[in-house]
Amino acid sequence: METILVAGGAGYIGSHMVALLVERGYDVVVVDNLSTGHAQAVKGARFYEGDLRDGDFLEKVFSENRIHGVINFAAFSLVAESVADPLKYYNNNVGGATGILTAMKNHGVKRIVFSSTAATYGEPEKQPIEESDRTNPINPYGGSKLAIEGLLRWCDEAYGIKYAALRYFNAAGANTDAGIGEDHHPETHLIPIVLQCALGKRDHVGIFGDDYPTPDGTCVRDYIHVRDLVEAHLLALEYLDKGGQSGPFNLGNGNGYSVKEIIEAARKVTGMAIPAFVEPRRPGDPPTLIASNRKAEEALGWKPRRDLEQMIHDAWVWHKEHPEGYEG
Ligand code: UDP
């Protein structure tokens, strides 16, 4: 069976990718520096601990394994942190991508599926957003990912490395069968924070701004189940194998939910009160991000199948079973 290298495979989305590849019978190699990931989240793969910016380390990984394709999740991904420390984001994200592409070029590996983001669009002119819409990031996180998309385009032209840049909207949910889920320290994402309130681990959730130009004044996002998300990566690899054209693909549900709607949905799923109070806006947040997933559907044959209730339900099961995350 083909060997797939998953960079960042110890992280939230990466570990779900590994679980799916293992389930489908792939041979999986994970590289991760564990700066934000968890070794316990890597199940059924060969694990190399190290950094993508370390050329000797990657040389060893690529020499010891016959890599067919790469899926790269390794990155810092917090909008607010990126606003405070842009150099940290460009250094890690662009540096890591440069490292893995260099190893791919040196070893003749011709396919990469890359974690991009809806943050590449900035404040879009229309919703739902299409891949051909203008990209103009309003935070360094999105900027670092768009820079890598540019690099991928040049590497395709120069070295024939084919790529799919998957622009994620908001990943949520867990894999309750595999016992993996979302565990960030500190946690900044809305759904885990809301569920930590439901568990009694926080006393309230702050709603970051209610004066946005949206129906209820709170930010609207397109939430996508992590399992649907990783299924798209596998389809993207197959698409590239079949000679599909490199480029960006949105991965979202095509539905928007406001912060208030998420909190309300979590109250229903958990049966808990979940106190919420309006707080100031968070820097770098656009008001609304909703995906058009038409391109991913047409080109990759991808269709998200899990709704918001299922995302919150699966995340709730994970949080109840792992109240302290992987350390618990
Ligand atoms: N958000 C919030 N309170 C929180 C965490 C997040 O109101 O404690 C909002 C945030 O401003 C954004 C949305 O929830 O509009 C989703 O944020 P998250 O950090 O989950 O994902 P992002 O959109 O940054 O990728």
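Small disclaimer: the values here were computed from a predicted structure and weren't measured. Counting starts at 1 for both ligands and their atoms, following the listed order.
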Compute whether any side-chain donor of one residue and acceptor of the other, for Tyr89 and Glu81, lie under 3.5 angstrom apart. yes
Does the ring center of Tyr168 lie less than 6.0 Å from the ring center of His233? yes
So with a 6.0 Å cut-off around OH of Tyr159, is the heavy-atom count from everything else above 12? no
Grouping ILVMFWY residues whenever side-chain heavy atoms fall under 4.5 Å, the cluster of Ile138 otherwise contains none
Quick one: pull up CZ in Arg221 and CG in Asn255 and give me the separation to the nearest 0.5 Å. 15.0 Å
Going by atom types alone, do Ser258 and Asp216 pair a side-chain donor with an acceptor below 3.5 Å? yes
Could you give the N/O to N/O pairs under 3.5 Å linking ligand 1 and the protein, each with its distance?
{"unit_1": "ligand 1", "atom_1": "3 (N)", "unit_2": "Gly206", "atom_2": "O", "d": "2.7"}
{"unit_1": "ligand 1", "atom_1": "7 (O)", "unit_2": "Gly206", "atom_2": "O", "d": "3.4"}
{"unit_1": "ligand 1", "atom_1": "7 (O)", "unit_2": "Phe208", "atom_2": "N", "d": "2.9"}
{"unit_1": "ligand 1", "atom_1": "11 (O)", "unit_2": "Asp285", "atom_2": "OD2", "d": "2.5"}
{"unit_1": "ligand 1", "atom_1": "17 (O)", "unit_2": "Arg282", "atom_2": "NH2", "d": "3.4"}
{"unit_1": "ligand 1", "atom_1": "19 (O)", "unit_2": "Arg282", "atom_2": "NH1", "d": "3.1"}
{"unit_1": "ligand 1", "atom_1": "19 (O)", "unit_2": "Arg282", "atom_2": "NH2", "d": "3.3"}
{"unit_1": "ligand 1", "atom_1": "20 (O)", "unit_2": "Leu190", "atom_2": "N", "d": "2.8"}
{"unit_1": "ligand 1", "atom_1": "21 (O)", "unit_2": "Asn170", "atom_2": "ND2", "d": "3.1"}
{"unit_1": "ligand 1", "atom_1": "23 (O)", "unit_2": "Asn170", "atom_2": "ND2", "d": "3.0"}
{"unit_1": "ligand 1", "atom_1": "23 (O)", "unit_2": "Arg221", "atom_2": "NE", "d": "3.1"}
{"unit_1": "ligand 1", "atom_1": "24 (O)", "unit_2": "Arg282", "atom_2": "NH2", "d": "2.7"}

